[in-house]
Amino acid sequence: MKIFNKYILVGLLAVTSFSCTDDFDQMNTNPNSPSADNPATEAVLASCMRKAFHEDRYEFWRGVVLHAERFAGHVDGGYKGGWWAPGNSYDYHEGWTAAAWDSYNSSSFVNHYGGALFANTNVLLEYYEQNPEDEFAKEFTGICHVLRSFQFLKITDLFGDAPYSEHGNIDIPTPKFDAQKDIYDDIEAKLKMAVEDYLAADVNIGTMSDYDLVYGGDVSKWRKFANSLRLRMALRRSNADADGAKTILADIVKYPLLEGNDDNVMVERTQSSTDLHNQYYGFFKTWPGSMPNGEYQWDGYNLSWGPGPGAFIPAREIVEVMKGSALFASQVKEGGSSTDDINALSGIYDPRLDKYFMKPFGKEGHEHKGRPGRAEYFLKDGVITNIQNDDVEGEVHNYSWMHPSIWYDGGTWSPVSLDYAEVCLALAEAVNRNLVSYGQSDAEWLKAGLEASCEKWGAEVGTFADDVVAKFNSGDADDKEAIIATERWVSAYTMPHQAFSILRRTGHPEFVYLDKDMTITGTWVNPDGATEERTIEKYAQGSTNFKLPQRMRVPESEVAINDNVPEESKDMMNKVWWANY
């Protein structure tokens, strides 16, 4: 067998990234030298799962929350005492972008030849190619392909074209950028192969029981995951390549998909702050900015540390959608009607709202409130006022907060990367658009998805799912499209890559990045106290000129060394291949 020392080094770096707590002692007792006779498969795969489904600190903060989750219209910042100004995420920042890019794509020695996950899976794929008769060789190969596919998909959906065919090759320090469609085609081929061949046996890998952080060695669930990931990709593809999506979907429905919340792709968190702790914890609690302390209670949590969350709070857009608020076209687009309510879910209160967010001050009598995305100025008694300087609009306590189960000590939330609700809602869309037939009607899949999401979040579904389905059944084609897409966007909360992709592809909810009144006119107070009448932009413009960012741009550190970076990848406003909005 031929395993290069460069890959062994990277595998060791990732395998030893776990701290020595009880949960991971067994992972750390593996031999320190993977070799032809001992590839340390279980421990290496454990490190890869941690990387794929429980992103590292800076990768999560900077690539996921600061950009994807904020772009999706799920969170916002810029309040008084916070760290980030309203427009920060919408301007290019080398450090934030590189934190996400280098984790996946760097070919440098420092960044482990494209990232530890890819180097580790290269080790195993090469080993099992040379040793196909080893026990579970096919299954381990299949899991490697699923992990690599999931990680590459995150890369290309965030950045568009990216190094792929030459990725991770130490002999090619400046890899070419493959077209996103070509990347999708190859990932789909590998996932199809995994479903049909590598993961086809209904077996349990006993040696993986303590190492498989997702499924405990149950190969049948890895097969469902692989096929469900194909479903996610097929819907992405559908607007740019409808015929290709139909062909793929016709194949997908031959094989099992996730069948319940027990199949969700999730790495359960530990209570340790040094192992698989809550990803939001460090961002929302450890770094509070200059906000004051306080005592709060919500949903059984007593919050005695103040005040959290320190980085971002819910965006107005998702809060108002879930409240069932009426949002009129005239409010958000020029020439829009004052009677055209463009909230697809208007009039329907979503029971997940109290599980997603805590009301202001943790008081039941208060109304949920989110912060308008990128809002910088507002009129206060006719005076143009900076929100960050205002004691009411800039005060974080006057907004809802992320539910403490997600970010607080002892919370029960664990990061989910793909769930049963997504599968149901994706099938609702596919059936509704006549892309495929699969067992139930679009309305039935819609209801199943909403029920599954409520179950996952511990919310009482009540009449919620039935109310949405009734509105869906009474709507025209456009209404139905908007309802499914909006519910997919809402249900992707805390899955920022997915939520951002849904918004870019479907354009729903359509008001996330539209505002008819981009300016306000009022009294401007100069530093010397003199006043004048001014008309100013009330939102932080950023480099995207108030528009929905279409991608993260490739960082200058890559552009400086790699002449292969496409021009399209240097601007946040250039659409990725499958984007439609």
For [X] and [Y], which I'm curious about, is there any donor-acceptor pair between the side chains at under 3.5 Å?
| X | Y | result |
| --- | --- | --- |
| Glu376 | Asn386 | no |
| Arg505 | Asn239 | yes |
| Arg374 | Thr544 | yes |
| Asp182 | Tyr164 | no |

With rounding to the nearest 0.5 Å, note down the distance linking [atom1] in [X] to [atom2] in [Y].
| X | Y | atom1 | atom2 | value |
| --- | --- | --- | --- | --- |
| Glu510 | Leu548 | CD | CG | 13.0 Å |
| Leu418 | Asn264 | CG | CG | 8.0 Å |
| Trp457 | Asp354 | CH2 | CG | 12.5 Å |
| Thr486 | Leu425 | OG1 | CG | 11.0 Å |
| Tyr356 | Met322 | OH | CE | 5.0 Å |

Measure from the ring center of [X] to the ring center of [Y] and say whether it is less than 6.0 Å.
| X | Y | result |
| --- | --- | --- |
| His403 | Trp413 | no |
| Phe312 | His74 | no |
| Tyr90 | Phe71 | yes |
| Trp401 | His397 | yes |

Q.
Would you say CG of Asp381 has more than 12 non-hydrogen atoms from neighbouring residues, nucleotides or ligands within 6.0 angstrom?
A.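 For Asp381, atom CG is not crowded (no more than 12 foreign heavy atoms under 6.0 Å).
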Without placing hydrogens or testing angles, list every side-chain donor-acceptor pair under 3.5 Å for residues 560-571, not counting sequence neighbours.
unit_1	atom_1	unit_2	atom_2	d
Asn562	OD1	Asn564	N	2.9
Asn562	OD1	Asn564	ND2	3.1
Asn562	ND2	Pro175	O	3.0
Asn562	ND2	Glu558	OE2	3.3
Asn564	ND2	Thr174	O	2.9
Asn564	ND2	Pro175	O	3.4
Glu567	OE2	Lys570	NZ	2.8
Asp571	OD1	Met573	N	2.8

Can any side-chain N or O of [X] pair as donor or acceptor with the backbone N or O of [Y] at less than 3.5 Å?
| X | Y | value |
| --- | --- | --- |
| Ser453 | Gly449 | no |
| Arg236 | Ala240 | no |
| Arg551 | Lys575 | yes |
| Arg62 | Thr97 | no |
| Gln498 | Ala492 | no |
| Asp241 | Arg237 | no |
| Tyr184 | Trp578 | no |
| Trp489 | Ala72 | yes |
| Asn343 | Ala326 | no |
| Trp524 | Ile384 | no |

Exercise. Does the pair Tyr399 and Tyr79 meet the rule for a ring-ring contact (aromatic ring centres under 6.0 Å, His included), with working shown?
Worked result: CA-CA 10 Å; Tyr399 293 96; Tyr79 47 78; 7.4 Å; no
Practice problem: Could you walk me through whether Phe60 and His54 pass ring-ring contact (aromatic ring centres under 6.0 Å, His included), step by step? | Solution: CA-CA 8 Å; Phe60 181 73; His54 197 284; 8.1 Å; no
Ion pair [X]/[Y], N-O distance below 4.0 Å:
| X | Y | answer |
| --- | --- | --- |
| Lys369 | Glu393 | yes |
| Lys355 | Asp299 | yes |
| Glu367 | Lys323 | yes |

So salt bridge (charged side-chain N to carboxylate O under 4.0 Å, His left out) across residues 89-99, not counting sequence neighbours, yields none
Test: salt bridge (charged side-chain N to carboxylate O under 4.0 Å, His left out). Region: residues 482-494. Which pairs qualify, not counting sequence neighbours?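 Non-adjacent pairs meeting salt bridge (charged side-chain N to carboxylate O under 4.0 Å, His left out): Arg352-Glu487, Glu429-Arg488.
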Glu55 vs His497, side chain to side chain contact (heavy atoms under 4.5 Å, CB included): CA-CA, chis, key distance, verdict: CA-CA 12 Å; Glu55 291 152 310; His497 298 93; 3.1 Å; yes
Exercise: identify the closest heavy-atom pair between [X] and [Y]:
| X | Y | result |
| --- | --- | --- |
| Leu153 | Arg232 | CD2-CD, 4.2 Å |
| Ile187 | Ser149 | CG2-CB, 3.6 Å |
| Ala426 | Leu235 | O-CD2, 4.1 Å |
| Leu147 | Cys48 | CD1-CB, 3.8 Å |
| Phe53 | Ser417 | CD2-OG, 3.5 Å |
| Asp341 | Ser325 | OD1-O, 4.4 Å |

Quick one, Phe118 with Phe152, criterion ring-ring contact (aromatic ring centres under 6.0 Å, His included). Give me CA distance, side-chain angles, the key distance, then yes/no. CA-CA 9 Å; Phe118 299 111; Phe152 272 123; 4.3 Å; yes
What pairs with Lys456 under side-chain hydrogen bond (donor to acceptor under 3.5 Å, both in side chains), at least two apart in sequence or on another chain?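 Applying side-chain hydrogen bond (donor to acceptor under 3.5 Å, both in side chains) to Lys456 gives Asp419.
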Hits for side-chain hydrogen bond (donor to acceptor under 3.5 Å, both in side chains) against Glu537, two or more places apart or cross-chain, chain-then-number order -> none
Next item on the list: Measure the acute angle between the ring planes of Tyr296 and Phe361, then classify it against the limits of 30° and 60° as parallel, tilted or perpendicular.
Entry: tilted
Is NZ or CZ of Arg553 both nearer than 6.0 Å to the six-membered ring centre of Tyr92 and within 45° of the ring axis?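 Yes.
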*Tell me whether the guanidinium CZ or amine NZ of Arg504 lies under 6.0 angstrom from the six-membered ring centre of Phe500 and within 45° of its axis.*
yes
In His67, Arg70, Glu69, the residue satisfying side-chain hydrogen bond (donor to acceptor under 3.5 Å, both in side chains) with Ser89 is Arg70
Evaluation steps, side chain to side chain contact (heavy atoms under 4.5 Å, CB included), between Val267 and Ser414:
CA-CA 7 Å; Val267 173; Ser414 292; over 6 Å; no
Set of residues satisfying salt bridge (charged side-chain N to carboxylate O under 4.0 Å, His left out) with respect to Glu481, sequence neighbours excluded: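 Glu481 satisfies salt bridge (charged side-chain N to carboxylate O under 4.0 Å, His left out) with no residue once adjacent residues are dropped.
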| said: Do Val75 and Ile313 have side chains that approach each other closer than 4.5 Å (heavy atoms only, starting at C-beta)? | reply: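 Contact flag for Val75/Ile313 side chains = no.
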From the list Asp390, Asn389, Asp391, Val396, side chain to side chain contact (heavy atoms under 4.5 Å, CB included) partner of Lys80 resolves to Asp391
